[in-house]
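All figures in this text were calculated on a predicted structure; none of them were measured in a lab. We name chains A, B, ... by the order of the sequence lines, and we start the count at 1 in each one.
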Amino acid sequence: MTAAPRPTTCVLGRLAGGRVALCEIGGDGEPGPRQEFDEERLAEVVAGHEAAGTPRWVWSDTATWYPGLLAAGVRVERCHDLRLVHTILQHAAAVTDGAALRAATAWETGPVVPAEGRPPAATLFDVAPAAGSAVPHDLEETLAEHARQQAAIASAADPSPLRLLAAAESAGGLVAAELQAAGMPWDVVEHDRILAEQLGPRPGHGQPPARMVEVGAQVRTALGDPMLSLDSPPRVLKALRRAGIDVSSTSQWELAEHDHPVIEPLLRYKKLSRLLTANGWAWIDEWVHEGRYRPVYLPGGVVTGRWASNGGGALQIPRQLRPALRADPGWMLVGADVSQLEPRVLAAMAGDRAMADAGRGKDLYSGIVEAGVVATRAEAKVAVLGALYGSTTGDAGRLVPRLRRTFPRAMALVDEAAATGERGGTVHTWLGRTSPPPGPEWAAVQTRGGVVDATTADEERARRAGRDRGRFTRNFVVQGTAAEWALAWLADLRLRLSRIAPVPEEHAATASGPALGNRPHLAFFLHDEVIVHAPREHAEEAAQAVRDAADAAGRLLFPGSPVDFPLDLTITERSAK
DNA sequence: ATATAACGCGCG
DNA sequence: AAAGCGCGCGTTATAT
């Protein structure tokens with residue numbers, strides 16, 4: 001068996017006058033001759049190289065370059081996204097020689113300006129500056145930044161985790177663009193049916209739905225306040241207190257503590273109000289077009305490396321509306337989520353054999369019960385979440401110490417991360433994404449709390465800020481490494497799906513676009529969950545790809561680890577629950 | 001009048 | 001049921 005040939009590296013950049021250039025990097029790391037061409041030929045040129053040998057494309061920003069290619073029917077296998085990788089390397093503790101990289105401030109971008117959920121631009125760069133980011137796109141800048149990033153990675157004592165992270169993050173960029181291009185197949189009839197079932201039929205513009213009118217009247221009656229506006233929490237709060245209900249806010253968990261005839265209708269009203277304002281008919285009108293909901297995904301949008309999204313609250317779609325996610329005719333949805341991803345990732349990082357055993361092949365929480373740590377699954381879950389989040393009070397505070405006895409290695413890892421954070425230090429994920437350092441304000445609070453004439457209040461403030469930061473760094477290592485596992489899963493999965501045979505043109509999911517609509521493709525991603533949209537005849541094959549990719553992700557990040565990552569997987573026409 | 005903060009609640 | 005982490009977004013209240 002011979003090693004696969006290392007893919008060639010092709011750098012893309014803009015030139016003056018709407019021209020584009022491609023430059024291949026040789027085995028010695030030196031850029032070769034520049035091949036110039038008109039922008040209109042970009043898709044054709046990329047497709048040609050892709051067919052010839054799947055190079056790694058190096059470009060300024062996937063969100064800028066890739067949507068146009070997808071719209072032209074061109075997928076790429078792999079890339080290196082300079083914007084995403086710059087953000088990681090800038091603060092990476094493993095990078096010992098990053099001065100040049102950090103000096104290149106043009107690559108320090110804020111949040112990406114979203115493309116407003118529009119369908120991908122017909123041609124590259126013809127969208128207003130609205131889409132993509134502000135990083136430089138021209139060829140020489142691109143080459144220079146690529147060289148800086150290679151040098152920065154090479155300066156690490158062990159560059160391989162950072163190389164893996166750069167590849168995974170870049171693959172995430174490709175997936176994000178592909179998710180937006182494909183969109184979520186959205187059944188507006190089902191969505192409307194769910195809304196009508198809860199709220200009553202769609203009311204006229206500016207009118208409240210019938211059910212909210214009824215339930216609102218019940219609330220006002222129960223409070224004896226016929227004019228009360230239920231949409232103003234402060235007014236509702238005053239009314240509740242007038243009615244003798246001792247609450248300090250109108251949040252549902254506090255309301256639920258009390259026994260009064262107003263509680264039930266008020267909670268019901270809040271639920272209806274939330275559904276209407278967040279995902280009501282206005283949401284459908286704004287976000288669903290031609291059977292697709294196309295949010296903007298922002299890889300690396302969260303400090304821990306998790307994704308954020310923009311447009312319609314894609315990562316917060318209520319489970320209630322999941323049935324509106326429905327496959328095209330003749331297609332199926334393959335939905336899979338990882339059971340207890342974060343604690344499993346922790347067990348793998350820490351090499352905690354006992355925790356690996358507790359989860360192997362089964363529900364991790366049940367395994368913890370069987371190990372005799374706690375009596376019930378609910379307790380196990382509270383304890384584990386408490387360990388990951390740094391709970392010190394209530395049930396979690398009582399249960400976490402038991403975990404510490406049975407899983408000392410796992411607990412030592414998160415406890416150490418917390419201690420480092422409390423001291424003002426930084427921590428990093430398995431592949432080397434480093435937590436942001438504390439800001440100047442945090443440091444000032446610590447200084448003020450530590451001087452000889454500090455007041456008790458100063459000391460308490462400093463201790464509290466320390467503990468707050470400790471909980472952040474404690475969670476950072478686990479949440480961030482779980483995000484890396486998920487990236488590896490996505491990256492491997494998209495390649496497996498791309499190798500499944502295409503369906504004939506007449507069976508294609510045309511709304512998913514020319515590059516993706518003819519074979520199984522990702523339609524949704526949410527931290528530890530994917531949904532693949534697949535032709536019925538290839539759904540089983542796609543499901544196996546999802547499973548195989550999960551196994552591959554575990555092996556890639558944690559070679560030889562006894563920790564497994566079981567999936568809950570279903571093949572259905574519409575998303576359940 | 002408009003920008004910002006705070007709240008509350010949806011998701012993991 | 002919330003608590004302990006990370007978010008986005010629509011709302012009202014408050015500051016400018």
Side-chain angles (χ1 to χ4, degrees), chain A residues 111 114 229-238 247-258 263 266-267 269-280 282-283 286-287 295-322 337-343 345-346 378-379 381-400 403 414 417-418 421 427 429 433 435-436 464 467-483 485-486 524-530 577:
Chain A
S229 164
L230 298 181
D231 299 321
S232 167
R235 290 182 201 201
V236 173
L237 181 60
K238 286 196 190 84
V247 285
S248 63
S249 79
T250 64
S251 55
Q252 53 187 343
W253 53 89
E254 195 175 351
L255 290 173
E257 305 272 306
H258 293 82
I263 300 298
L266 180 53
L267 290 176
Y269 182 89
K270 287 162 75 82
K271 277 256 181 287
L272 296 178
S273 172
R274 166 78 193 189
L275 178 62
L276 176 70
T277 56
N279 298 101
W283 183 94
E286 183 174 2
W287 294 109
V296 179
Y297 293 87
L298 303 174
V302 177
V303 282
T304 58
R306 271 191 176 180
W307 289 18
S309 77
N310 204 292
L315 306 186
Q316 297 111 266
I317 299 290
R319 315 261 348 164
Q320 205 182 0
L321 288 180
R322 281 300 189 89
D337 66 271
V338 196
S339 311
Q340 306 99 29
L341 175 58
E342 292 193 353
V345 156
L346 172 59
E379 282 184 324
K381 186 171 179 177
V382 166
V384 167
L385 294 180
L388 299 183
Y389 297 161
S391 306
T392 56
T393 62
D395 289 350
R398 182 169 55 81
L399 295 168
V400 169
L403 238 40
V414 285
V427 296
T429 61
R433 194 187 307 261
S435 67
R464 195 157 50 80
R467 286 194 303 268
D468 288 349
R469 206 179 125 72
R471 287 195 304 276
F472 167 64
T473 52
R474 168 191 294 271
N475 188 248
F476 182 95
V477 295
V478 179
Q479 187 183 120
T481 303
W485 186 95
F524 187 55
F525 167 61
L526 181 53
H527 307 318
D528 63 354
E529 172 187 4
V530 297
K577 200 171 157 197

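- Comparing atom distances between the R471(A) side chain and each of dC11(B), dG4(C), dG8(C) picks out dG4(C) as nearest.
- A salt bridge links E342(A) and R306(A); the closest N-O separation between the charged side-chain nitrogens and carboxylate oxygens is under 4.0 Å.
- Each of dA3(C), dG6(C), dG8(B) was ranked by its minimum atom distance to the side chain of T393(A); first place goes to dA3(C).
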Atom pairs under 3.5 Å: protein N/O with N/O of nucleotides 13-16 of chain C:
residue : atom : partner : partner atom : Å
dA13(C) : OP1  : S232(A) : OG           : 2.5

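- When rounded to the nearest whole Å, the span between CZ of F472(A) and P of dG6(C) equals 6 Å.
- Which of dG10(B), dG6(C), dG4(C) sits closest to the side chain of T304(A) comes down to dG6(C).
- Counting non-hydrogen atoms under 4.0 angstrom, G394(A) reaches nothing in the nucleic acid.
- Straight-line distance from the CD atom of E257(A) to the C1' atom of dA3(C): 12 Å, rounded to whole Å.
- Side-chain proximity of D231(A) to the nucleotides dA3(C), dT12(C), dC11(B) is greatest for dT12(C).
- Nucleic acid contact for G312(A): sugar-phosphate only, since backbone atoms but no base atoms lie under 4.0 Å from a heavy atom of the residue.
- To the nearest 0.5 angstrom, L266(A) atom CG is 10.5 Å from Q252(A) atom CD.
- Among the protein residues, A396(A) comes within range of the nucleic acid bases, having at least one heavy atom under 4.0 Å from a base atom.
- In this structure, I317(A) reaches the sugar-phosphate backbone alone: every heavy-atom distance under 4.0 Å involves primed, P, OP1 or OP2 atoms, never a base.
- When the P atom of dT11(C) is taken as reference, atom CH2 of W283(A) falls 16 Å away, rounded to whole Å.
- What separates CG of L315(A) from C1' of dC9(B) is a distance of 15 Å, to the nearest Å.
- Across all strands shown, G311(A) has heavy atoms under 4.0 Å from sugar-phosphate atoms exclusively, and none from any base.
- To the nearest angstrom, P of dA1(C) lies 13 Å from CD1 of I263(A).
- Within the 3.5 Å criterion, the main-chain N or O of G421(A) finds a donor-acceptor partner in the side chain of R469(A).
- Using a 90° window around 0 for the glycosidic torsion, dG10(C) falls outside it and is classed as anti.
- If you run side-chain contact (heavy atoms from CB on, under 4.5 Å) between Y389(A) and each of V414(A), V400(A), N475(A), only N475(A) comes through.
- Here dG6(C) presents its P atom at 15 Å from CD of Q316(A), a figure rounded to the nearest Å.
- Listed by residue number, the members of residues 269-276 of chain A with any heavy atom below 4.0 angstrom from DNA chain C are R274(A).
- Side-chain proximity of Q479(A) to the nucleotides dG8(C), dA1(C), dC5(C) is greatest for dC5(C).
- Note on E342(A): nothing from the nucleic acid sits closer than 4.0 angstrom, heavy atoms only.
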| request: Quick one: do F525(A) and L315(A) satisfy side chain to side chain contact (heavy atoms under 4.5 Å, CB included)? Show the steps, please. | output: CA-CA 8 Å; F525(A) 167 61; L315(A) 306 186; over 6 Å; no
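- Closest approach to the W253(A) side chain among dC7(C), dA3(C), dG10(B) is made by dA3(C) (side chain taken as heavy atoms from C-beta onward).
- In this structure, of dC11(B), dC9(B), dG4(C), it is dC11(B) that holds the atom nearest to the side chain of P318(A).
- Distance alone, capped at 3.5 Å, places no donor-acceptor pair between the W307(A) side chain and the H527(A) backbone.
- When rounded to the nearest whole Å, the span between NZ of K381(A) and P of dA1(C) equals 13 Å.
- In the set dG4(C), dA2(C), dG6(C), dG6(C) carries the atom at the smallest distance from any side-chain atom of R306(A).
- Whole-Å rounding puts the L403(A) CG to dA3(C) P distance at 21 Å.
- Two residues, E286(A) and E254(A), neighbour DNA chain C, and the one matched to the more 5' nucleotide by heavy-atom proximity is E254(A).
- Positionally, the nearest nucleotide of DNA chain C for D395(A) lies more toward the 5' end than for the other of N475(A) and D395(A).
- For K381(A), the NZ atom sits in a loose shell: 12 or fewer heavy atoms of surrounding residues, nucleotides or ligands are nearer than 6.0 Å.
- Heavy atoms of L388(A) sit nowhere under 4.0 angstrom from any nucleic acid atom.
- For the pair R322(A) and F524(A), the minimum side-chain heavy-atom distance is below 4.5 Å.
- At the heavy-atom level, V303(A) lies under 4.0 Å from the strands shown only through sugar-phosphate atoms.
- Residue T392(A) is classed as having no contact, given no heavy-atom separation below 4.0 Å to the nucleic acid.
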